[in-house]
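Each remark here refers to the structure printed beneath this line.
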Amino acid sequence: MPKARTWWSDAVGGLPATYWYLWTGLLINRVGGFAVLFLSLYLTAQRGASTALAGLIVGAYGIGGVAGTLLGGVLTDRWGRRSTLLASHIATAILLVALALSTALPVIAAFSLLLGLAQAMPGPAFVAAIIDVVPAEHRSRAFNLQFWAFNLGMAGASLLAGVLAEWSYLGLFLIDAASTALTCVLIFWKVPETRRRTTLPDADAGGMRTALTDRIFLAFVGLTLLQALLYSQTNTIVPLAMRDDGLSPSSYGLLTALSGTLIVTGQLFVPKLIDRHRKARVLAVSLAVMAVGFAVLAAADSLTVYLLAAAVWTIGSMLAAPPNAEINAELAPPELRGRYQAVFFLTFPAASFLAPALGGASLQAFGPAHWLIVAGVGAAGAVLHLVAGPARERRVAATAARTRQTTA
């Protein structure tokens with residue numbers, strides 16, 4: 001029992017109250033964020049949209065998400081974290097209600113675009129606020145818990161969405177709106193503005209240009225994109241490969257359930273494993289492990305092999321979550337944290353587009369050898385992390401030295 005208490009204290013102890021309110025808001029958002037999961041089915045089943053039109057409308061949501069990520073980053077630095085979070089959650093709740101009550105497809109398409117924008121805006125603000133309030137020595141655990149909450153919430157949303165969709169699509173959107181409003185109330189009540197006023201140059205002076213011309217940061221973003229491309233295979237190309245091997249959709253459901261279960265049950269143990277190691281090496285190991293998982297698929301012909309591969313690549317992704325977020329926090333100037341977060345977050349919609357676009361063609365052309373290509377990308381990313389790591393570490397050390405001199 002004392003060992004269990006010690007482990008629990010090491011995993012979650014020592015983090016400020018504001019962090020836990022932000023964490024709770026993230027969890028509520030994820031558990032309640034199920035309407036978009038069924039948007040395409042809602043459009044075809046309830047609003048008479050064709051499959052092609054439904055795809056376009058869902059695509060509009062994705063385009064809005066890209067714009068919302070960038071806008072959220074700018075507003076996080078300009079307005080502040082709290083104001084951006086409140087504005088985006090209020091807008092999201094209103095748009096979800098408007099979508100639930102709309103019947104004309106052009107109106108639904110416009111609201112979907114705006115919903116994508118509003119739902120993407122809080123991302124940079126949430127993470128920037130966490131960086132503001134959590135001391136550097138505790139950020140690995142803080143970001144690990146954030147990743148855990150995200151996946152726990154997504155698992156809950158997936159379970160609830162199916163039940164609610166069978167009951168009422170209207171209820172699906174309205175309950176999503178209510179959970180968004182609940183998060184907004186929590187932030188308004190418990191989360192203060194965390195942005196610190198400094199004597200550093202005005203955040204608007206360099207604008208987004210500073211982040212987009214920071215070569216060390218962009219190299220890191222590029223390597224994160226490689227990792228995102230690997231993981232995006234799991235929900236785009238893996239189901240196609242399983243179908244080609246004669247496996248049913250329920251088999252893919254079992255695979256995704258396994259990945260989610262591993263993250264929910266194992267993620268809290270990750271900081272203990274990685275905290276003594278340099279971040280570049282952890283990320284190199286992470287990508288190498290993911291590469292092994294995808295390489296196994298080249299010989300996959302049964303559900304057992306697919307499940308084994310999924311366990312391996314999931315463990316790799318679990319190792320990467322804390323150092324990815326920590327490095328992003330370390331490279332971003334305090335006055336530009338929102339913008340840096342926005343550029344970092346763009347890797348995920350980019351991967352969501354590139355993975356199916358390139359992966360589908362590759363699977364069709366090369367068959368099982370496609371997975372060896374994917375594994376090669378992972379191995380290359382592992383090597384590049386080792387190459388890029390020293391420059392990142394020198395940059396972080398120099399920044400820390402300047403900060404000590406300023407505060408001395």
Side-chain angles (χ1 to χ4, degrees), residues 37 40 55 58-59 62 65-66 147 150-151 154-155 158 221-263 267 283-321 324 344-385:
L37 297 176
S40 58
V58 174
V66 172
F147 182 70
F150 182 88
N151 284 278
M154 285 296 291
S158 299
V221 169
L223 291 173
T224 305
L225 176 60
L226 289 184
Q227 181 197 334
L229 284 171
L230 262 65
Y231 201 76
S232 292
Q233 302 287 318
T234 64
N235 56 22
T236 56
I237 309 304
V238 168
L240 299 178
M242 294 181 75
R243 181 199 62 192
D244 292 345
D245 283 329
L247 297 172
S248 66
S250 62
S251 297
Y252 177 67
L254 186 60
L255 183 147
T256 57
L258 172 65
S259 292
T261 301
L262 283 173
I263 292 171
Q267 192 66 45
L283 289 172
V285 170
S286 165
L287 277 165
V289 170
M290 292 181 73
V292 170
F294 286 107
V296 169
L297 294 186
D301 58 0
S302 68
L303 178 59
T304 301
V305 179
Y306 273 99
L307 292 176
L308 173 63
V312 174
W313 75 57
T314 300
I315 290 169
S317 71
M318 290 164 64
L319 294 174
N324 268 335
F344 176 77
F345 274 121
L346 285 179
T347 59
F348 303 105
S352 297
F353 169 74
L354 291 172
L358 299 177
S362 176
L363 184 66
Q364 181 174 319
F366 303 111
H370 163 74
W371 300 113
L372 297 179
I373 297 172
V374 173
V377 171
V383 173
L384 289 171
H385 264 300

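- Nearest heavy-atom pair across Val221 and Thr347 is CG1-CG2, 3.4 Å.
- Considering every non-hydrogen atom in both Leu258 and Ala310, the closest pair reads CD2-CB, 4.4 Å.
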Inset, instruction - Could you walk me through whether Asp245 and Tyr306 pass side chain to side chain contact (heavy atoms under 4.5 Å, CB included), step by step? - result: CA-CA 10 Å; Asp245 283 329; Tyr306 273 99; 2.6 Å; yes
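- The aromatic rings of Phe348 and Phe345 lie tilted to each other, with the angle between the two planes from 30° to 60°.
- Residues satisfying the side-chain contact (heavy atoms from CB on, under 4.5 Å) test with Ala351, not counting sequence neighbours, are Leu225, Ala228, Leu229, Ser232.
- To the nearest 0.5 Å, the span separating CG on Asn151 from CE on Met318 amounts to 9.0 Å.
- Taking every heavy atom of both residues into account, Ala321 and Gln267 meet most closely at CB-NE2, 4.4 Å.
- Contact between Ala298 and Pro368 at its shortest, heavy atoms only, is O-CB, 3.5 Å.
- In this structure, Ser317 contributes its side chain and Thr314 its backbone to a donor-acceptor pair below 3.5 Å.
- Between Val238 and Trp371 there is a side-chain heavy-atom pair separated by less than 4.5 Å.
- For the atom pair CG of Leu303 and OH of Tyr252, the computed distance is 13.0 Å after rounding to the nearest 0.5 Å.
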Inset, instruction - Kindly indicate, with the supporting measurements, whether the criterion side chain to side chain contact (heavy atoms under 4.5 Å, CB included) is fulfilled by Ser259 and Thr234. - result: CA-CA 10 Å; Ser259 292; Thr234 64; over 6 Å; no
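- With values rounded to the nearest 0.5 angstrom, Phe147 atom CZ is found 4.5 Å from Ile263 atom CD1.
- Summarising the geometry, atom NE2 belonging to His385 is positioned 6.0 Å from atom CG belonging to Asn324; distances are rounded to the nearest 0.5 Å.
- Separation of atoms CZ (Arg243) and OG (Ser248) is listed at 13.0 Å; rounding is to 0.5 Å.
- For the pair Ser362 and Ile373, the tightest heavy-atom approach, listed with the atom from each and the gap, is OG-CD1, 3.9 Å.
- Taking Ala309 as the reference, Val296, Leu297, Trp313 meet the side-chain contact (heavy atoms from CB on, under 4.5 Å) condition, with sequence neighbours excluded.
- There is a side-chain donor-acceptor pair under 3.5 Å between Gln233 and His370.
- Atom CG of Leu283 and atom CG of Leu287 lie 7.0 Å apart (nearest 0.5 Å).
- When all heavy atoms of Val66 and Pro349 are compared, the pair lying nearest together is CG2-CB, 4.0 Å.
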